[in-house]
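Heads up, the thing below is written out as structure tokens.
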Amino acid sequence: MNQLIYRLISKRKRISPHIEKFEFDIGIFIVSIWVVEKNNQYFLIDSGLAKLLPRMAEYVVRNFYDKERVSGVILTHGHSDHIGGIPRLKTLLPNLPIVIDSREIPFVSGEKPYPGREKLEPITFKKQDFIELGTPESNELLEQAGLKAIHSPGHSPGHTCYYHAEDNLLIGGDLLTTNRVGVLNAPMKEYTADMLKALETAHSVLKEYSQAILSVAHGGEVKNAFQEMEKSEWFQNS
């Protein structure tokens with residue numbers, strides 16, 4: 001693995017007492033991996049790109065954490081810029097549990113393309129590679145990580161946000177985005193299955209967790225995200 005490339009394009013940030021975020025700036029947008037710590041165990045949320053730089057998650061684990069204390073990967077959804085690092089990470093940690101919403105399985109298994117797309121994802125998996133959200137095993141893993149799963153469809157059918165109550169932080173995945181200076185924006189139109197549903201969901205989630213800090217995959221962190229969304233032109237005109 002060419003460590004230099006990953007080091008040059010990445011930034012490690014502590015965004016709350018128990019959560020670090022690794023942002024990989026690939027030019028066109030930022031790709032993020034979160035790492036949640038609880039009881040000296042580490043849980044990754046998302047894993048980075050598939051083809052261009054497929055070792056983002058592996059780079060994070062190898063360089064910053066004791067791999068024996070990495071206890072799972074929890075996915076916001078199955079788009080290739082979120083799930084793409086799994087194969088390389090599994091070579092490092094073959095028995096690592098991977099959690100995803102069951103509504104993502106048809107798309108990540110190559111059964112059919114995501115809504116609004118003609119092509120299958122560039123990387124596919126077997127159903128048995130995953131633990132589905134809502135099962136006892138996934139519930140136990142989320143409890144160990146101190147996270148609550150929030151189904152947030154629109155960007156993809158099984159898109160899921162994760163709320164960390166102790167830190168009052170909402171890990172939003174692709175619920176929304178920000179620009180380079182931290183201004184809240186809609187999710188990327190070209191990759192969003194149902195934009196109206198996505199905005200409706202985002203508004204509902206942010207209203208419920210209006211006191212939480214929002215952290216998004218393609219961008220940064222936003223305080224008062226609900227208020228920022230309500231006053232934005234892109235939401236008012238949707």
Side-chain angles (χ1 to χ4, degrees), residues 1-100 108 121-123 125 129 145 147 162 164 167 169-183 185 187-188 191 213-222:
M1 177 170 57
N2 190 334
Q3 299 270 352
L4 180 59
I5 293 174
Y6 290 90
R7 187 165 69 249
L8 287 174
I9 67 168
S10 65
K11 178 168 66 173
R12 182 187 188 186
K13 298 165 55 178
R14 178 159 297 278
I15 58 173
S16 72
H18 298 91
I19 302 172
E20 290 191 306
K21 185 185 185 191
F22 291 81
E23 295 177 349
F24 296 84
D25 190 338
I26 62 170
I28 53 174
F29 52 70
I30 289 168
V31 176
S32 297
I33 297 172
W34 295 267
V35 181
V36 180
E37 183 275 329
K38 187 175 181 182
N39 297 327
N40 211 21
Q41 299 293 311
Y42 300 97
F43 304 85
L44 274 66
I45 298 183
D46 289 345
S47 69
L49 290 172
K51 287 191 173 181
L52 182 63
L53 292 163
R55 297 184 175 187
M56 289 179 174
E58 181 189 2
Y59 167 78
V60 167
V61 171
R62 282 190 185 276
N63 288 277
F64 300 100
Y65 302 98
D66 177 355
K67 71 175 184 177
E68 302 305 323
R69 296 190 181 277
V70 176
S71 299
V73 178
I74 302 165
L75 296 166
T76 60
H77 59 299
H79 288 169
S80 61
D81 55 325
H82 296 259
I83 202 170
I86 296 297
R88 294 302 314 176
L89 188 59
K90 291 283 276 187
T91 64
L92 184 64
L93 295 165
N95 299 316
L96 192 67
I98 314 293
V99 175
I100 197 170
V108 300
E121 288 298 288
I123 181 169
F125 301 83
D129 290 334
L147 295 169
Y162 297 95
H164 192 284
D167 290 4
L169 187 95
L170 181 65
I171 297 173
D174 285 357
L175 183 74
L176 294 170
T177 63
T178 77
N179 65 16
R180 298 264 175 180
V181 294
V183 176
N185 282 325
M188 296 181 189
Y191 303 116
I213 295 174
L214 173 67
S215 180
V216 297
H218 305 305
E221 286 64 56
V222 182

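What you see below is based on every heavy atom in this structure, not just the backbone, and it leaves out hydrogens, waters and symmetry mates.
- The closest donor-acceptor contact from the side chain of Y162 to the backbone of L75 lies under 3.5 Å.
- Sorted by first then second residue, the salt bridge (charged side-chain N to carboxylate O under 4.0 Å, His left out) pairs that include residues 171-183, not counting sequence neighbours, are D25-R180.
- Judged by distance alone, the side chain of S47 and the main-chain N or O of H82 form a donor-acceptor pair under 3.5 Å.
- Every residue two or more places apart in sequence or in another chain that forms a side-chain contact (heavy atoms from CB on, under 4.5 Å) with P122 is listed here: K51, S80.
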Please set out all donor-acceptor pairs under 3.5 angstrom arising from side-chain atoms of residues 90-98, sequence neighbours excluded.
from : atom 1 : to  : atom 2 : distance (Å)
K90  : NZ     : P94 : O      : 3.0
K90  : NZ     : L96 : O      : 3.0
T91  : OG1    : R88 : O      : 2.5

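- A donor-acceptor contact shorter than 3.5 Å links the side chain of D66 to the backbone of E68.
- Residues satisfying the salt bridge (Lys or Arg N to Asp or Glu O under 4.0 Å) test with K13, not counting sequence neighbours, are E23, E221.
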Under the criterion side chain to side chain contact (heavy atoms under 4.5 Å, CB included), I'd like the reasoning laid out for I74 against V36: C-alpha separation, chi angles, the key distance, then a yes or no. CA-CA 10 Å; I74 302 165; V36 180; over 6 Å; no
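- Annotation: salt bridge (Lys or Arg N to Asp or Glu O under 4.0 Å) contacts of R12 (sequence neighbours excluded): E20.
- Between F64 and F22, the ring center distance clears the sub-6.0 Å criterion.
- Proximity of a side-chain donor or acceptor of H218 to a complementary backbone N or O of I30 within less than 3.5 Å is detected.
- The side-chain contact (heavy atoms from CB on, under 4.5 Å) search around I26 returns I9, I28, F29, V31, L49, L53, M56, not counting sequence neighbours.
- The backbone N or O of R55 sits less than 3.5 Å from a side-chain atom of Y6, completing a donor-acceptor pair.
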Residues Y42, V61; criterion side chain to side chain contact (heavy atoms under 4.5 Å, CB included); working and verdict: CA-CA 10 Å; Y42 300 97; V61 171; over 6 Å; no
